[in-house]
Amino acid sequence: MGLDNGSDNRLALVTPDEDLNKKESLTIDQVVDKIYQGPTIKLFLVFWTAVAVMYVTAAETYITVFTGRIPYTEWTCVSDTCQSLYVAANISDSFYSETSMCDNELVAGTDFNWTSTRTTFSIDWGIYCGTESKLSLASSLFFIGALLGLLTSTAIFDKFGRRNGAIVGSFISASATLAGVWAPNYEVLLAIRIVQGYGQYMSFTGVYCWILEFAPSHLRCNINTITLFAWNLGFFFMVGLAYFITTWQYIFLAVAVINYVCIISLFIYPISPRFALVQGRDEDAKEILQSYSRIYGNEMSMESVDLVYKDRVQNFWEQIKDFKTHPAMLKRTLLGCICWFMCGALFYGFSFGWSKIGSNIYTAYCFAAVGNTIAFAVMTPTCNLIGRRKSGLVFFGIVVLANLLAMPDVSFSDKWTLNYVACLIGSISVLAAFLLMYLFTSELAPTSHRGMIMSLSSSCARLGSFAGPYISLLYKVTDRRVTAGVFGGMALIGVAVVFFLPDTTGVRIPEVPGDLTSGTEYQKVENGTQVPNHDEEA
């Protein structure tokens, strides 16, 4: 291994037909692009087992929505006061509603008894009507935990690697979920939610970065979408699980067991070759690339390698100082953080509000899951067709229009309204924008700082995710047009911020902050081959 001007380390990759003494200098991106010859069954199996921990992320996120569901239509009167109100309502079943219960301040156990065949912690702990906001707190504290996990995971990812950080996060999350089975009261559940979020988003972000660092340059958009689609599968899984399991403690148990099982795959697969190089483990990087080529069915000799990479600073505080030294990286990160905050608030504002929009929680969230699937389906072709930046403008723009569309009072049937349709459209578009930001940020951030920037960006999304469910509570206390106006304004900010970000479509991932201004990153990749690109940063 030799040094080039004290900054570039080089290893050479050759095929058996080449002169072994002749070294070909390649970056990791170029090696991966040369190895990839198309999808294989083995690659497919490796990929889907590697992202297994993402399946439970949606389940962990929404578990309190279903286990804490308040059955406002499933109760019966037991007091004279309640019975007289029932008679005054012409003995109609429509009397058994949230309005009758809350407006008349009926008390569980005194004025009425629950008749639901499903247990929920809301019934067990007396959460309804005036205390319903406790459910939003239980949902939001998950994201506070996620924020703490992401902030601390930056050092973990850069010190021990994305994969190892993901293993630790998954174990923490699974253990917290298991503890939820025996939660004795609401306060303990809140603590469990914080720990769940801490571990789950450390795991989610670690696996995402790990996957993307193995992706061929010209397939990053596709792999980004497929990777995050695992999260959407977990959304369907959570709805089905909650529908068939009628005891809320058993739902926690099922999710915990599945989370433990999903950790197994992370022990099987290697660390990222990029991380190995950062740690000075060149031989490990070669072995990883060698096994990677076998998985692709295009084995390449790694006996004599000259892999080009630049020395990187991995000290946490030095990385922080780099934001001052490299204003281009600081600008991108700050703009990206604003977009992530808006995406988190908008998406989870819509998502946690579905139970209020639809008449049946399972049907409503199934519609949301179908909408998510549509978002995954449209994101990749849109990005490939018009680029990352224009796609962001389109997706945020549609969210603005959807919120404007939700304002008029228009009913198509007893269950379907224009507001319901607009929320579905908005949910699809904001998820597409969210998916885009994962890809966009990972391509904007240099490899040396990607773990930190992805964690910081996702932390901003968790702050937005905390705020989103509370914004959706405006449906209960004010005119829904106010809520639509707030969401529409946030989406408009997203449009403005994306406008100032550079397009990363097809460009090589920057390795160090200096690449952001040197022009090194602006080499477009077409079908695995880099070609000159003279675009300037916006």
Side-chain angles (χ1 to χ4, degrees), residues 147 150-151 154 205 208-209 212 220-221 224 228 319-348 379 382-383 386-400 429-468 487-522 535-538:
L147 172 64
L150 289 166
L151 290 175
T154 58
T205 305
Y208 178 81
C209 290
L212 199 71
R220 289 198 303 262
C221 184
N224 171 77
L228 294 177
Q319 287 180 309
I320 293 293
K321 292 178 182 178
D322 283 341
F323 285 100
K324 180 179 180 180
T325 307
H326 302 278
M329 183 170 70
L330 177 62
K331 170 191 170 183
R332 292 177 175 201
T333 303
L334 291 177
L335 292 175
C337 284
I338 295 173
C339 279
W340 279 76
F341 177 87
M342 298 304 168
C343 285
L346 288 166
F347 179 72
Y348 287 103
M379 200 283 283
T382 303
C383 280
I386 64 176
R388 297 359 176 197
R389 182 167 170 268
K390 290 181 180 178
S391 294
L393 296 173
V394 169
F395 294 144
F396 276 115
I398 293 175
V399 177
V400 174
S429 300
V430 75
L431 177 57
F434 215 158
L435 297 173
L436 174 66
M437 288 312 301
Y438 271 94
L439 175 64
F440 213 170
T441 303
S442 63
E443 292 180 336
L444 289 168
T447 299
S448 59
H449 292 64
R450 186 169 299 117
M452 172 178 286
I453 292 175
M454 285 295 295
S455 294
L456 289 173
S457 299
S458 192
S459 296
C460 291
R462 298 324 126 202
L463 290 175
S465 303
F466 180 87
F487 283 142
M490 296 176 73
L492 191 60
I493 293 174
V495 171
V497 171
V498 170
F499 180 80
F500 290 101
L501 286 171
D503 193 8
T504 60
T505 306
V507 304
R508 184 169 67 83
I509 294 178
E511 294 291 334
V512 293
D515 291 345
L516 304 181
T517 53
S518 66
T520 304
E521 64 164 341
Y522 291 104
D535 295 343
E536 297 293 334
E537 181 175 350

Handout entry: Closest contact, heavy atoms only, Leu501 versus Arg389
Key = O-CD, 2.7 Å
Exercise for the section: Check side-chain contact (heavy atoms from CB on, under 4.5 Å) between Ser459 and all other residues, then give those that pass, not counting sequence neighbours. Expected result: Leu147, Leu150, Leu151
Problem - Residue pair Val430 / Cys343: nearest heavy atoms and the distance that separates them - result: CG2-O, 4.1 Å
Handout entry: For Ser429, side-chain contact (heavy atoms from CB on, under 4.5 Å) partners two or more places apart
Key = Ile398, Val399, Ile425
Problem - Smallest separation among heavy atoms of Ala461 and Phe434, with atom names - result: CB-CZ, 3.9 Å
Problem - Separation between CD of Glu443 and CG of Asp503, rounded to the nearest 0.5 Å - result: 9.0 Å
Exercise for the section: Please answer whether the main-chain N or O of Met329 pairs with a side-chain N or O of Thr333 as donor and acceptor at a distance below 3.5 Å. Expected result: yes
Handout entry: Shortest non-hydrogen contact from Met490 toward Phe341
Key = CE-CE2, 4.1 Å
Handout entry: Contacts of type side-chain contact (heavy atoms from CB on, under 4.5 Å), residue Ile386, not counting sequence neighbours
Key = Thr382, Lys390, Ser391, Val394
Problem - Heavy-atom pair with the smallest gap, counting every atom of Leu330 and Phe323 - result: CB-O, 3.4 Å
Fill in the blank from the handout: Sorted by chain and number, sequence neighbours left out, side chain to side chain donor-acceptor pair (under 3.5 Å) with Thr205 holds for none
Exercise for the section: Starting at CG of Leu435, measure out to CZ of Phe347 and round the result to the nearest 0.5 Å. Expected result: 8.5 Å
Exercise for the section: Output yes when a side-chain donor or acceptor of Arg332 lies under 3.5 Å from a complementary backbone atom of Ala445, and no otherwise. Expected result: no
Problem - side-chain contact (heavy atoms from CB on, under 4.5 Å) against Ile493, all qualifying residues, sequence neighbours excluded - result: Ile338, Met342, Val497
Handout entry: Spacing of Cys383 atom SG and Leu436 atom CG [to the nearest 0.5 Å]
Key = 4.5 Å
Handout entry: Gap separating the CZ atom of Phe440 from the CG atom of Leu335, nearest 0.5 angstrom
Key = 10.0 Å
Fill in the blank from the handout: All heavy atoms of Ala432 vs all of Met379, minimum pair found to be O-CG, 3.6 Å
Practice task
Calculate, to the nearest 0.5 Å, the distance between atoms CG and CG belonging to Leu431 and Leu346 respectively.
Solution key: 11.5 Å
Problem - Separation of Phe395 CZ from Met437 CE (nearest 0.5 Å) - result: 12.5 Å
